[in-house]
Amino acid sequence: MAFTIHGLAVSQGIAIGHVHLISHALLEVNHYHVAQKYIAEELYRLDDAVATVHGELIGLKAAASGGQAHSELGAFVDLQIMLLADPMLVDAARELVSTRRCNAEWALVQQMEHLVEQFQQIEDPYLRERQADVVQVVERLVKVLLGHPGRLPAKRRDGLGTIVVAHDLSPADTIGFRDHNIAGFVTDVGGPTSHTAIVARSLGIPAVVGLHHIRDVLEDDELVIVDGTRGVVIVAPDEHIVEEYRLRRTELELERSKLKRLKDTPANTLCGEHIDLLVNIEGPKDIAAARAVNADGVGLYRTEFLFIGRDSLPDEDEQYEAYRSVLKTMGKRPVTIRTFDVGADKALNGNTRVEPNPALGLRAVRYSLAEPKMFRTQLRALLRASAHGKLRIMVPMLAHAHEIDQTLALVDRAKAELRAERVRFDESVEIGGMVEVPAAALALGMFVRRLSFLSIGTNDLIQYTLAIDRANEAVVHLYDPLHPAVLKLIGATIQTGARYGLPVSVCGEMAGDPAYTLLLLGMGLRHFSMHPANVLEIKQQVLRADVGELAPKVQRILRMDEPMRVREAVERLAG
Ligand code: PEP
Ligand code: MG
């Protein structure tokens, strides 16, 4: 029987496909019974994982050989190889698969728990400690079985896609799926402006998040429909439901293709004013999408995606190539590249520092200034790339004047180095900053005096103004772009920018949401930066807008402080 689970719609579209469960809490595996006819296949999965882990351990042993310090490591690896071959572990797990029809992960974990119990009875502390090796071997096996992105199922014969179901996915995991023919994402946690949701949108993959315990109700391979527009997941749909959703998917595609006709229409309001429609990208791969909608430029290049989800950091040349290729392809159009915004939910691999409040911790410009070597490398790469197009460098999450002073000093130092090395760069490259922290919006003068442009990161500005974690689904209902305090900060930033002749854009998700286009235009915003998929829909709004008429209405909205009245007044703007 089909049933529906409601969550948060974070990436539009409809996906019909089979569930692929992913668990990242390694030993917290799913328990399910394998159909009799698939037992042989399940045993094969288990044997295959054992062979893979055996290969990994042999490789480790080879790497550990040579050198005194490594001989102990070699002994541990030997022990783990022995455990892998011990009938008490793998053979016993095979037995659980064959006789009790447990899935391989569940069988291994059950057997591990049984062995650990036995180890705990041992008096000898050294031998008792060896239970850790049993756990580690099982962890390795489970990791292989869980099918990390590289082991996702190949394209299915029935033409349906794979729906990745996870407790949570980091932005790095999500990017890892880029080349894996994934049809949809479904997660227990997350919010609409969590970075995972942003990445899902950038991949154009329908996603529903904040479904609480969905992993517990779904089984691997089950048929589901993900409606990323309405925020629902339909489990075990019958043929009629699948047919209905196929139809709906075709209609959505038709609507999108109609919008494509607007590609070459200039984004001018009814009064003839041009509005810059820029795109947010995560790397050179996204430029094709930007060109497909004829964007006016790049308003936000999130460079951190070059850094996360990998073992080593990109060096200066690799970064230079990535930035140069985007600048070259965009030609005379401006490309705003943001210095890396790592930290919070975009952790670097190998960074084991766990902060109690990561969103309030060492992230964005704070991280850059704490890692001057890494920052210097990026600044040099950016400056070198500036010779190939119209680069603007943007600094995220400014709150203090000294953060921008230090950044500008580092830029000057990098420029001096390049001059000495006779490397070409744009001497007058513009440096701008993001208004994402209420403190910056409230004391904007100190940034206006030091910078050439501003961009409002509404995702973080809302998070920090309303004190809600944007990645936490438990407080997602409090995430409100129309909160009077948020609107006042956005409005004041746009006005101050205009007063000082400093261009201001919005590059948070609000800029790509048609529900807010008229409001932002009425506030005086003339530069919108968004995901490429939203550009034509926003252009449609711009073409209908009469900013002369909107401005006084929006000024009245900015003076309101009753949320319901604000909401109604914003809806009335559409006429
Ligand atoms: C924002 O905060 O609005 C923004 C654009 O930056 P990010 O979403 O990458 O934090
Ligand atoms: Mg931000």
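On a predicted model such as this, the values are computed, not experimentally measured, just so you know. First listed ligand is number 1; within each ligand, the first listed atom is number 1.
- Judged by the 6.0 Å and 45° rule, R384 forms a cation-pi pair with Y320.
- At most 12 heavy atoms of other shown residues, nucleotides or ligands fall within 6.0 angstrom of atom CZ in R291.
- When the shell of 6.0 Å around CZ of F453 is examined, it contains more than 12 heavy atoms from other residues, nucleotides or ligands.
- Within 4.0 Å of ligand 1, counting heavy atoms only, the contacting residues are H195, I198, L300, R302, R338, D341, K346, R363, M434, E436, G457, T458, N459, D460, R470, C507, G508.
- Below the 2.8 Å limit, the Mg ion (ligand 2) has as protein N, O or S neighbours E436 OE1, D460 OD2.
- E273 is linked by a side chain to side chain contact (heavy atoms under 4.5 Å, CB included) to T269, R526, V547, counting only residues two or more places apart in sequence or in another chain.
- Ring orientation note: the planes of F307 and F340 are tilted relative to one another, at an angle of 30° to 60°.
- In this structure, R565 does not pair ionically with E568, as no charged nitrogen and carboxylate oxygen lie closer than 4.0 Å.
- Remark: H477 engages no residue in a side chain to side chain contact (heavy atoms under 4.5 Å, CB included) (not counting sequence neighbours).
- Judged purely by distance below 3.5 Å, without hydrogens or angles, the side chains of S368 and T339 never pair a donor atom with an acceptor atom.
- At most 12 non-hydrogen atoms from other residues, nucleotides or ligands lie less than 6.0 angstrom from NE2 of H213.
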